[in-house]
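Please read these numbers as outputs of a predicted model, since none were measured by experiment.
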Amino acid sequence: MDNSLNSVLILFPIFPIILIMHIHTTVNAFQIRKSIKNKELDFRWLKYMPGWQEIPLNIQASRELYKNLFEAPLPFLVYCLFAYTVDHVSMLNLILAWLYVALRVWHYFVRIYNPKISKRRIPFQYSLIVTFILWTELFIFLLK
């Protein structure tokens with residue numbers, strides 16, 4: 001164990017990321033249901049997702065965020081599992097892991113309220129940098 005921290009601590013930052021995924025799954029479902037109820041979206045779209053159906057912008061933005069919530073955090077989630085598996089938890093990687101969570105939460109709320117790329121770029125870029133640092137630090141640890 002690195003710096004004598006309990007390796008299970010690196011697993012805790014996974015939970016808020018998973019929680020956001022589940023929260024947005026519910027938000028997405030409610031938005032789609034509302035659009036169908038308001039006749040902005042044909043109910044058959046749910047079954048076939050045909051190209052002929054024009055999708056309301058809020059539904060498209062919500063779907064893109066939904067996909068992003070499952071794609072972007074994947075390297076982070078794998079990192080946490082690897083760090084736990086090799087028993088490598090330090091104050092540095094624990095702080096960086098929680099920073100990543102904060103950046104992803106920031107990105108989520110910015111994207112919910114203002115989906116413009118210029119508004120969400122900073123938390124997204126910083127979260128990528130944090131992930132890169134975490135993986136680099138783990139790689140160096142494994143080389144030792």
Side-chain angles (χ1 to χ4, degrees), residues 1-38 40-41 43 45-51 53-144:
M1 193 160 9
D2 192 40
N3 294 342
S4 68
L5 289 177
N6 186 340
S7 61
V8 80
L9 293 173
I10 199 66
L11 299 177
F12 285 98
I14 293 173
F15 291 94
I17 299 295
I18 300 297
L19 180 63
I20 291 172
M21 291 173 175
H22 286 289
I23 288 171
H24 193 71
T25 299
T26 304
V27 167
N28 194 49
F30 280 121
Q31 286 180 326
I32 290 171
R33 183 175 292 142
K34 182 179 174 185
S35 287
I36 290 170
K37 186 178 178 184
N38 294 340
E40 297 170 327
L41 191 62
F43 74 93
W45 177 81
L46 289 173
K47 185 173 182 180
Y48 303 110
M49 294 188 182
Q53 173 74 52
E54 188 170 324
I55 302 169
L57 291 178
N58 67 320
I59 298 299
Q60 186 62 34
S62 180
R63 288 180 66 221
E64 290 300 317
L65 176 53
Y66 178 78
K67 289 188 285 186
N68 183 257
L69 286 170
F70 284 86
E71 294 168 354
L74 188 59
F76 172 74
L77 299 174
V78 171
Y79 167 82
C80 290
L81 294 173
F82 277 14
Y84 172 77
T85 301
V86 299
D87 201 19
H88 175 60
V89 179
S90 66
M91 190 55 74
L92 173 65
N93 64 6
L94 206 50
I95 289 169
L96 288 172
W98 282 108
L99 176 60
Y100 178 86
V101 170
L103 290 166
R104 292 304 302 167
V105 169
W106 177 20
H107 178 267
Y108 177 77
F109 283 107
V110 166
R111 189 154 183 179
I112 283 288
Y113 294 109
N114 189 343
K116 291 182 180 180
I117 289 176
S118 62
K119 300 292 182 187
R120 63 183 197 246
R121 178 181 48 97
I122 290 173
F124 183 78
Q125 285 177 335
Y126 286 157
S127 70
L128 288 177
I129 291 167
V130 168
T131 305
F132 179 77
I133 293 169
L134 285 168
W135 276 101
T136 302
E137 193 265 344
L138 181 61
F139 181 70
I140 292 167
F141 169 80
L142 292 173
L143 287 176
K144 290 180 181 177

Can you name the side chain to side chain contact (heavy atoms under 4.5 Å, CB included) partners of Leu143, sequence neighbours left out? Phe139

Could I get the full list of side chain to side chain contact (heavy atoms under 4.5 Å, CB included) partners for Ile20, not counting sequence neighbours? Leu69, Val105, Tyr108

Quick one: list whatever passes side-chain hydrogen bond (donor to acceptor under 3.5 Å, both in side chains) with Asn58, sequence neighbours left out. none

Can you list every salt bridge (Lys or Arg N to Asp or Glu O under 4.0 Å) pair that touches residues 66-83, not counting sequence neighbours? Glu64-Lys67

Residue pairs, two or more places apart or on separate chains, that pass side-chain hydrogen bond (donor to acceptor under 3.5 Å, both in side chains) and touch residues 13-22: none

Provide the full list of side-chain hydrogen bond (donor to acceptor under 3.5 Å, both in side chains) pairs with a residue in residues 77-86, sequence neighbours left out, each pair given once. Tyr79-Asn93

With the side chain counted from C-beta on, respond yes when Leu11 and Leu81 share a heavy-atom pair under 4.5 Å apart, and no when they do not. yes

For residues 118-132, which side-chain donor-acceptor pairs fall under 3.5 Å, sequence neighbours excluded?
residue: Arg120; atom: NH1; partner: Pro115; partner atom: O; Å: 2.2
residue: Ser127; atom: OG; partner: Pro123; partner atom: O; Å: 3.4
residue: Ser127; atom: OG; partner: Phe124; partner atom: O; Å: 2.7
residue: Thr131; atom: OG1; partner: Ser127; partner atom: O; Å: 2.9

Got a sec, which residues hit salt bridge (charged side-chain N to carboxylate O under 4.0 Å, His left out) with Lys37, two or more places apart in sequence or on another chain? none

Val86/Leu138 under side-chain contact (heavy atoms from CB on, under 4.5 Å): CA gap, chis, key distance, verdict: CA-CA 9 Å; Val86 299; Leu138 181 61; 3.9 Å; yes

Hey, could you give me the CD1/CH2 distance between Ile10 and Trp98, rounded to the nearest 0.5 Å? 9.5 Å

Those residues that, when tested against Leu19, pass side chain to side chain contact (heavy atoms under 4.5 Å, CB included) (two or more places apart): Ile23

Nearest-0.5 Å distance, CG of residue Leu57 to OG of residue Ser35: 10.5 Å

Ile36: what forms a side chain to side chain contact (heavy atoms under 4.5 Å, CB included) with it, not counting sequence neighbours? Ile32, Leu41, Phe43, Leu46

Non-neighbouring partners of Phe70 that pass ring-ring contact (aromatic ring centres under 6.0 Å, His included), sequence neighbours left out: Tyr66

Phe82: what forms a ring-ring contact (aromatic ring centres under 6.0 Å, His included) with it, not counting sequence neighbours? Trp135

How many angstroms lie between CZ in Phe15 and SG in Cys80, if you round to the nearest 0.5 Å? 10.5 Å

How many angstroms lie between CD1 in Ile112 and NE2 in His107, if you round to the nearest 0.5 Å? 10.5 Å

Under 3.5 Å, is there a donor-acceptor pair between the side chain of Asn6 and the main chain of Val8? yes

Approximate separation, where rounding is to 0.5 Å, of Leu96 CG and Leu92 CG: 4.5 Å

The side chain to side chain contact (heavy atoms under 4.5 Å, CB included) partner of Asn68 among His24, Arg63, Arg104 is Arg104

If you round to the nearest 0.5 Å, how far is CG of Leu77 from CE of Met21? 5.5 Å

